[in-house]
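Chain letters run A, B, ... following the sequence lines, proteins first and then strands; every chain starts at 1.
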Protein chains: 2
Amino acid sequence: MRLPLQALFANFGNSTNQLFLTPIMSLRNEQMAGRLSGVKEIARRANVSIATVDRVIHNRKGVSETTRQKINEIIQEIGFQPNILASRLASKKTNRFAVLIPDARETDYWKASLDGIERAYQEIKQYGVFLDRYLFDLNDKSTFVKYVNDMLKGSYDGVVMAPSFIEEAASFASACADRQIPYVFINSDVPNRDSLTYIGPHLYQSGYQAGQLIRFGLKQGKVLIVNISKEIDAYHHLLRKEEGFRQYMENTNTPEAPIRVEKIDITNTTDEAIQDALDTFLKEHTDIDAFFVTNSRVKSVAKYLRNTARQHRILIGYDLSEENIEYLKDGTIDFLIGQKPEEQGYLGVMSLFQHVVADKKIAKEQYMPIDIITKENFEFYKN
Amino acid sequence: MRLPLQALFANFGNSTNQLFLTPIMSLRNEQMAGRLSGVKEIARRANVSIATVDRVIHNRKGVSETTRQKINEIIQEIGFQPNILASRLASKKTNRFAVLIPDARETDYWKASLDGIERAYQEIKQYGVFLDRYLFDLNDKSTFVKYVNDMLKGSYDGVVMAPSFIEEAASFASACADRQIPYVFINSDVPNRDSLTYIGPHLYQSGYQAGQLIRFGLKQGKVLIVNISKEIDAYHHLLRKEEGFRQYMENTNTPEAPIRVEKIDITNTTDEAIQDALDTFLKEHTDIDAFFVTNSRVKSVAKYLRNTARQHRILIGYDLSEENIEYLKDGTIDFLIGQKPEEQGYLGVMSLFQHVVADKKIAKEQYMPIDIITKENFEFYKN
DNA sequence: TATAGTTTCGGGTACGTACCCGTAATGGTG
DNA sequence: CACCATTACGGGTACGTACCCGAAACTATA
């Protein structure tokens with residue numbers, strides 16, 4: 001039995017001051033208030049029926065201005081908050097959401113994201129929410145397009161999507177906007193689109209953070225940035241991380257302790273191709289001290305470094321995949337930067353719910369913490 | 001691949017009996033709401049009344065063994081999950097919880113914890129839960145004892161406490177156990193007490209993590225551990241961190257690159273006393289490269305280092321207090337280890353709720369992630 | 001077999017809110 | 001002043017579950 005715990009009331013009210021003054025007595029008051037608050041009490045005080053109070057609460061017509069004001073005053077006075085349990089139970093209203101994310105076959109990053117989506121769904125489905133999941137093939141843009149068309153026919157009340165294919169995602173977003181359907185981007189953003197919210201990493205800053213870690217451990221020397229990506233769209237995101245990383249180095253470089261930055265792009269993502277590319281490059285550049293891999297493919301670099309027993313000082317990459325953690329454990333990888341895919345999925349669905357069902361304000365950007373994961377603390381993190 | 005949601009309900013579509021009697025719209029609603037799986041449906045299938053189904057669900061007596069089995073089978077078959085909204089609405093049952101944590105005047109660590117508690121309370125109070133907050137004075141053990149006595153008189157259904165005074169907390173725990181009241185420890189544990197759960201940092205491991213960070217940046221040299229605490233109880237917790245830290249150094253020390261560890265205990269926590277103590281110590285030990293402060297008092301060490309413009313390589317401490325963040329921003333502090341007090345408070349209350357109200361299994365230990373906070377990523381973390 | 005005691009079960013109402021439907025009050029028009 | 005359209009409002013039922021109360025069925029005993 002799962003409870004919709006975090007479903008509602010996401011307001012982070014820090015009005016704790018009163019508590020310091022009256023630590024104990026607060027209960028009695030609230031209990032009292034709990035007993036005689038509610039539409040019935042409002043109706044009694046305003047000398048009207050429950051139905052009229054209900055009309056005021058929901059801004060429906062059919063109430064005289066005098067009565068409306070009187071009721072609103074009482075609502076303010078007793079600080080009425082509707083009982084969502086009863087409310088949602090009584091209204092037979094349902095909502096349909098859809099998510100569009102990559103299929104999880106290739107990586108457990110998207111597996112984690114889907115887990116978060118499921119977790120959110122378990123919590124909110126009792127409130128009369130339905131959720132369809134569309135899992136497209138990252139290697140086949142046409143599946144993305146196909147699902148987009150399906151979704152547009154489905155008349156959903158909200159959409160969560162990972163805009164892996166930027167162009168197509170942008171036009172989908174436009175279509176949603178036309179239909180007044182709120183949409184949420186997770187994992188990566190599409191600039192200049194009026195999404196309900198973006199939930200994901202701050203790419204630039206996470207690269208910047210990687211820079212700090214490398215400089216902290218290296219002091220001076222030569223760093224190699226490794227971009228491994230087949231998809232040109234995804235590549236765009238890697239660039240943002242690279243920018244941040246380079247900027248950090250630039251900001252902190254001094255003549256006495258310089259750090260030089262090299263870079264390699266690998267677009268064939270088979271393991272052999274990656275090993276070959278690294279081998280070729282490193283035969284020519286024997287003085288690389290540290291590696292910054294801009295995504296979860298860091299495992300392939302780790303594999304190379306371990307297999308060749310190549311001397312290196314630092315290896316940093318992204319994401320808590322099982323393979324990556326293995327290399328973290330054996331010391332090949334020094335740091336992993338976590339992007340909380342599970343949390344992204346969870347928040348994506350929840351944000352929609354908060355907006356559509358609970359009518360809450362949603363922050364335009366919800367950046368994930370830039371988790372620094374090491375051999376010493378990884379076991380306290382979930383992906 | 002699209003996962004068809006309808007599949008979930010496919011099993012229930014064939015029962016035609018009721019459909020003829022029921023108007024189409026009602027059926028439609030039921031289908032939409034996924035409510036062909038409630039007590040009513042079970043009652044219909046078992047050919048009994050709702051009341052009897054209810055008796056089985058709540059293990060009440062007054063049902064023949066035959067009927068009970070039959071109903072249980074149906075419950076299994078359709079995977080019945082009670083609607084918590086309706087359930088909690090119908091039962092007038094209420095629960096009363098209490099929290100006992102330090103007053104937030106001295107530090108915003110406990111402020112954050114209380115925020116988390118409030119956030120949890122906002123979410124669960126509609127389920128008929130009431131919460132009392134007792135905020136004791138960390139400098140006055142008698143307030144702790146006083147509140148403990150108050151709480152024992154209050155006949156609560158559950159308690160969350162920060163066992164700052166170990167002895168007193170332990171005997172309180174015993175008293176709760178006698179009264180069958182579940183209790184949760186947050187922030188620090190009391191060994192050998194059968195608490196519902198412990199929610200807080202893994203002290204030893206967080207010290208171990210600090211060790212990794214210092215070695216990563218320092219390679220070799222001399223480190224000073226700084227324990228600043230007036231309370232002998234709290235001091236015990238600092239020791240656990242120190243142990244972990246020392247163990248890491250021991251595990252990784254090599255003759256070529258040794259790191260030596262010094263230590264200072266400061267028991268007078270006024271700012272002047274701390275400054276004096278540090279000054280005295282460092283006048284005699286001029287070769288300290290790095291500092292590990294075992295709690296949030298790291299700000300005082302940072303203040304000293306900045307004011308004296310003392311050359312140092314690394315400063316690590318605990319907690320995201322505003323002051324600490326200031327020193328993080330200006331580079332005096334290199335790393336802060338976060339212990340998620342807000343999350344601790346939230347989970348403390350929620351765990352109690354899950355256990356008492358929702359009857360869910362709770363993990364015996366819920367360790368917080370050991371967040372590594374830097375100048376580059378702090379803005380993505382809440383305390 | 002009548003009676004009392006026990007077990008087993010169903011009807012019905014309540015929880016707090018949503019919303020349909022019917023009616024009284026109001027306003028405007030000839 | 002009669003008529004109708006419109007506005008303002010109240011009564012009542014439903015949502016899915018909890019639980020009270022009383023009735024039926026069964027068992028045991030004389």
Is there a donor and acceptor pair, one atom on the side chain of A:R88 and one on the base of D:dG16, closer than 3.5 Å?
no
Kindly point out which of D:dC9, D:dA18, C:dA18 is positioned nearest to the side chain of A:V63?
D:dC9
Got a salt bridge between B:E73 and B:K70, using NZ or NE/NH1/NH2 to carboxylate O under 4.0 Å?
no
Taken to the nearest whole Å, CG/A:L85 to P/C:dT17 is 10 Å
On DNA chain D, nearest-nucleotide positions of B:L89 versus B:A51: which is more 5'?
B:L89
Check the distance between C:dT17's P and A:Y127's OH and give it to me in whole angstrom.
14 Å
If I take atom CG in residue B:N83 and atom P in nucleotide D:dA14, what distance separates them, rounded to the nearest angstrom?
18 Å
How many Å lie between NZ on B:K93 and P on D:dC20, as a whole number?
13 Å
A:Y183/A:F185 aromatic ring centres below 6.0 Å:
yes
Nearest whole Å is fine: how far is D:dG16 P from A:K125 NZ?
16 Å
Between B:L131 and B:V99, does the side-chain contact (heavy atoms from CB on, under 4.5 Å) criterion hold? Intermediate values first, please.
CA-CA 8 Å; B:L131 181 72; B:V99 299; 3.9 Å; yes
Hey, does the side chain of A:R55 come within less than 4.0 Å of D:dC9's phosphate (OP1/OP2), counting only N and O?
no
Measure the CD-CD1 distance between B:Q344 and B:I101 for me, rounded to the nearest 0.5 Å.
10.5 Å
Nearest listed nucleotide, side chain of A:S49, among D:dC19, D:dG10, C:dT17
D:dG10
Can you list, in residue-number order, the parts of residues 64-76 of chain B that come under 4.0 Å of DNA chain C, counting heavy atoms only?
B:S64, B:T67
Any side-chain N or O of B:S91 under 4.0 Å from OP1/OP2 of D:dT17?
no
Quick check: does any side chain N or O of A:R96 sit under 3.5 Å from a backbone N or O of A:G154, one acting as donor and the other as acceptor?
yes
Candidates C:dA18, D:dC9, C:dC15 - which lies nearest the side chain of A:T52
D:dC9
Give a yes or no on whether the ring-centroid distance for A:F353 and A:Y127 is below 6.0 angstrom.
yes
Rounded to the nearest angstrom, tell me the gap between atom CG in A:N47 and atom P in D:dA8.
18 Å
Taken to the nearest whole Å, CZ/B:F80 to P/D:dG16 is 11 Å
Whole Å only: how far is the CG atom of A:D54 from the C1' atom of D:dG12?
14 Å
Are the charged groups of B:D115 and B:K382 less than 4.0 angstrom apart, N to O?
no
Between A:H58 and C:dA18, does any side-chain N or O lie under 4.0 Å from OP1 or OP2?
yes
5′-ward residue of the pair B:A86/B:V48 relative to DNA chain C:
B:V48
